[in-house]
Amino acid sequence: MSGNAAASGGRFRDQRERKYGYDFLDEVLIRCPRCDGCAAVTPHPGPLIDGEAAVSGTQNLHRRLRCKECGFFKDQIVNSAVVGAPIDPYFQRPVWLQRDCCGHVLWAYNVRHLDLLDAYVAAKLRERGEVVPWAPASLIERLPTWLKAAKNRTEIQRTIRRSRSTLPADR
């Protein structure tokens with residue numbers, strides 16, 4: 001496991017690299033607005049054209065929604081992205097990887113996000129990285145208590161497996 005987690009032999013070490021989940025927004029798997037299949041939201045492949053230039057003081061995020069199942073696509077520019085819910089931050093569509101679990105919703109933006117949750121939940125030994133007083137909390141530190149609880153491990157892992165089974169073959 002690269003990035004935030006180093007999981008081996010039931011051990012997970014939070015490297016405190018991912019701060020708020022923004023690192024997972026390079027691809028967000030969502031429900032297609034046309035066919036309800038698995039679509040992806042990614043950065044738009046081309047540069048902004050003159051009329052789409054960033055407005056002073058705001059950051060425009062150019063994104064493309066694309067569904068391989070039905071061919072639907074849509075481009076959109078947004079001024080901000082709010083993360084932390086099972087909704088795509090750009091097109092406001094439900095994320096593909098979400099299921100009921102332990103009386104809550106277990107969700108992930110994409111496979112890498114799901115892998116991180118899986119590695120954390122599966123680990124019997126969970127270590128914190130170096131704590132820096134001025135640094136914001138890592139994504140792992142922000143996980144809800146029900147997801148961190150060892151008593152929910154088996155059900156959460158089963159839910160993660162079920163979520164993986166819904167992924168198209170090319171994911």
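For the pair R126 and Y120, the cation sits on the ring face: its NZ or CZ lies under 6.0 Å from the ring centre, inside 45° of the axis.
When side chains are defined from C-beta on, L97 counts as touching L167, because their heavy atoms get closer than 4.5 Å. Looking at V41 and R93, their side chains never come closer than 4.5 Å, going by heavy atoms from C-beta outward. Within the 4.5 Å cutoff, the side chain of F12 has heavy atoms near those of the L116 side chain. Under the 4.5 Å side-chain criterion, counting only non-hydrogen atoms from C-beta, L65 is in contact with P33. Residues V95 and I87 have side chains not in contact (no heavy-atom distance under 4.5 Å, counting atoms from C-beta outward). Counting heavy atoms from C-beta outward, W107 and P94 have side chains that stay 4.5 Å or more apart. Side-chain atoms of I77 and H44, non-hydrogen and from C-beta on, never get closer than 4.5 Å to each other.
For the atom pair T42 OG1 and N110 CG, the distance stands at 11.5 Å (nearest 0.5 Å). We find the CG-OG1 distance between N152 and T145 to be 10.5 Å, quoted to the nearest 0.5 Å. The CG atom of L29 lies 11.0 Å from the OG atom of S163; values are rounded to the nearest 0.5 Å. The distance from atom CG of D75 to atom CZ of R63, rounded to the nearest 0.5 Å, is 11.5 Å. The CZ atom of R99 sits 12.0 Å away from atom CD1 of I160, with the distance rounded to the nearest 0.5 Å. For the atom pair CG (L147) and NE2 (H104), the distance works out to 9.0 Å, reported to the nearest 0.5 Å.
With respect to the salt-bridge test (charged N to carboxylate O, under 4.0 angstrom), the residues R128 and E141 qualify. Look at D88 and R31 and you find no salt bridge, because none of the NZ, NE, NH1 or NH2 atoms lies under 4.0 Å from a carboxylate O.
With E155 contributing its side chain and C101 its backbone, the two residues share no donor-acceptor pair below 3.5 Å. When atom types are taken as modelled, the side chain of R66 and the backbone of F73 share no donor-acceptor pair closer than 3.5 angstrom. Looking at E27, its side chain never comes within 3.5 Å of a backbone N or O of F24 through a donor-acceptor pair.
The two atoms that bring C38 and C67 nearest to each other are O-SG, 4.2 Å, heavy atoms only. Nearest heavy atoms, F72 versus R34: CD1-NH2, 3.5 Å. The shortest heavy-atom contact between Y90 and A81 is CE2-CB, 3.6 Å. When all heavy atoms are compared, the tightest approach of E69 to C35 is CB-SG, 4.2 Å.
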Margin query: Please determine whether side chain to side chain contact (heavy atoms under 4.5 Å, CB included) holds for the pair I156 and W146, giving the CA-CA distance in whole Å, both sets of side-chain angles, and the decisive distance to 0.1 Å.
Written below: CA-CA 10 Å; I156 293 169; W146 70 269; 4.0 Å; yes

Check: Should R164 and V111 be marked as a side chain to side chain contact (heavy atoms under 4.5 Å, CB included) after you check the CA-CA gap, both sets of side-chain angles, and the distance that decides it?
Finding: CA-CA 8 Å; R164 281 188 203 285; V111 176; 4.1 Å; yes

